[in-house]
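In what follows, a single structure is set out as structure tokens and then discussed.
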Amino acid sequence: MDRIIELKEVSFSAQNQEIIRSISFQFREGTATALAGPSGGGKSTMLKLAAGLLVPTGGKVFFRGRDIALMNRRQNMEFRRQSAVVFQDSALWANQDLYQNLELPLRIHFPQMTRPDREKRMHEVLAEAGYKKNLLIRPAQLSMGEQKIIAFARAMLCRPGILFLDEWTESLDDESARRLIDLVKYRKEQRDTVIFVSHDFRIIRNLADYIVIILGGRIALTLTGEEIASDAHLVRRIEKGIAAYEI
Ligand SMILES: Nc1ncnc2c1ncn2[C@@H]1O[C@H](COP(=O)(O)OP(=O)(O)OP(=O)(O)O)[C@@H](O)[C@H]1O
Ligand SMILES: [Mg+2]
């Protein structure tokens, strides 16, 4: 299976603190990988490094064998178009209404697209994600859960092939969460690559082919979906908390 994103001895430091310590990992095309582990372990930071949103202070990140740091503008735009990113804090543009939040990625990546075509695509992703309300309001006028739904819909607009998702169902009601999990499952069945952070072992068991447990900025353990499915004892130990990660 092809590696699509590869981290080679990647480190990341900020404010004299080493947050990621020489992580090497290959994400395989068409698979789903969960980044799990306790709070503050470095999951979100690793996800942002893999997505090219943070620049490593050591090591390299490759997309289809190409060093992300050395991509030219066109290659970088293409990587961005192929990547969907949903941040832990949703990160919608606060000073733009929802219509503008959704329209901008299409304007940037598909400048030839007509306004009716943009609106058609916007309504498709909103219907899939289950948002039915007004678009002429700003993100601050939405609940946290609604912001997540819009952020997810926005991430899917440009038909990405790699999904980087950080706790994308947190603070959603069960029905909305179910919907956003099923959408990701469907994307995986369509051979998209999914890299996601979750604390929820039900989601991990449902989606992940590989599980990477991050502890203190390092990979403490990697597991396969089958290992998780077949070893209830292991799952219980992982669910129990930090001590259990040190298997
Ligand atoms: N830009 C930054 N400057 C300084 N410290 C940072 C920065 N970004 C993250 N950290 C620190 O790095 C550590 C890892 O943060 P990260 O957000 O990656 O953890 P996480 O595993 O995603 O945690 P959670 O499960 O709570 O979301 C934390 O201790 C955090 O305070
Ligand atoms: Mg996090």
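One-based numbering, in listed order, for ligands and for the atoms of each.
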Indicate yes or no: does [X] engage [Y] in a salt bridge with an N to O separation below 4.0 Å.
X: E119; Y: R115; result: yes
X: K185; Y: E189; result: no
X: E29; Y: R64; result: yes
X: R178; Y: E175; result: no
X: D166; Y: K43; result: no

Looking only at protein heavy atoms, which one is nearest to [atom], and how far off is it?
atom: atom 2 (C) of ligand 1; value: A14 CB, 3.7 Å
atom: atom 5 (N) of ligand 1; value: I19 CD1, 3.6 Å
atom: atom 23 (O) of ligand 1; value: G40 N, 2.8 Å
atom: atom 17 (O) of ligand 1; value: S44 CB, 3.7 Å
atom: atom 26 (O) of ligand 1; value: S39 OG, 3.2 Å
atom: atom 4 (C) of ligand 1; value: Q15 OE1, 3.3 Å
atom: atom 19 (O) of ligand 1; value: G42 N, 3.4 Å

Exercise. Hydrophobic side-chain clustering at under 4.5 Å (ILVMFWY, transitive links): who's grouped with M77? Put none if nobody.
Key: W93, L104, I108
Quiz item: Would you say S11's side chain and S22's backbone share a donor-acceptor pair under 3.5 angstrom?
Solution: yes
Quiz item: Distance-only, no hydrogens or angles: does the N101 side chain make a donor-acceptor pair with backbone N or O of D97 under 3.5 Å?
Solution: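 Between the backbone of D97 and the side chain of N101 there is a qualifying donor-acceptor contact (under 3.5 Å).
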Under a 4.0 Å heavy-atom limit, does [X] contact ligand 1 with its side chain, its backbone, both, or neither?
X: Q88; answer: side chain
X: K43; answer: both
X: T45; answer: both

Quiz prompt | Those atoms of ligand 1 less than 4.0 Å from some heavy atom in G41 | solution = 19 (O), 21 (O)
Quiz item: Can you tell me if an N/O/S atom from Q88 lies under 2.8 Å from the Mg ion (ligand 2)?
Solution: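 A backbone or side-chain N, O or S atom of Q88 is under 2.8 Å from the Mg ion (ligand 2).
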Quiz item: N/O/S of S44 less than 2.8 Å from the Mg ion (ligand 2)?
Solution: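 A backbone or side-chain N, O or S atom of S44 is under 2.8 Å from the Mg ion (ligand 2).
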Practice problem: Look up atom 30 (C) of ligand 1 and tell me if a protein heavy atom lies less than 4.0 Å from it? | Solution: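 Neighbour list for atom 30 (C) of ligand 1 is empty of protein heavy atoms (cut-off 4.0 Å).
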Quiz item: Given side chains that start at C-beta, do those of P56 and V61 come closer than 4.5 Å, heavy atoms only?
Solution: yes
Quiz item: Is there a side-chain contact between F62 and K8, using heavy atoms and a 4.5 Å cut-off?
Solution: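 Yes, at least one pair of side-chain atoms sits under 4.5 Å.
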Self-check item: Residue-ligand contact H199/ligand 1, heavy atom below 4.0 Å
Solution: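 Within the 4.0 Å threshold, so yes.
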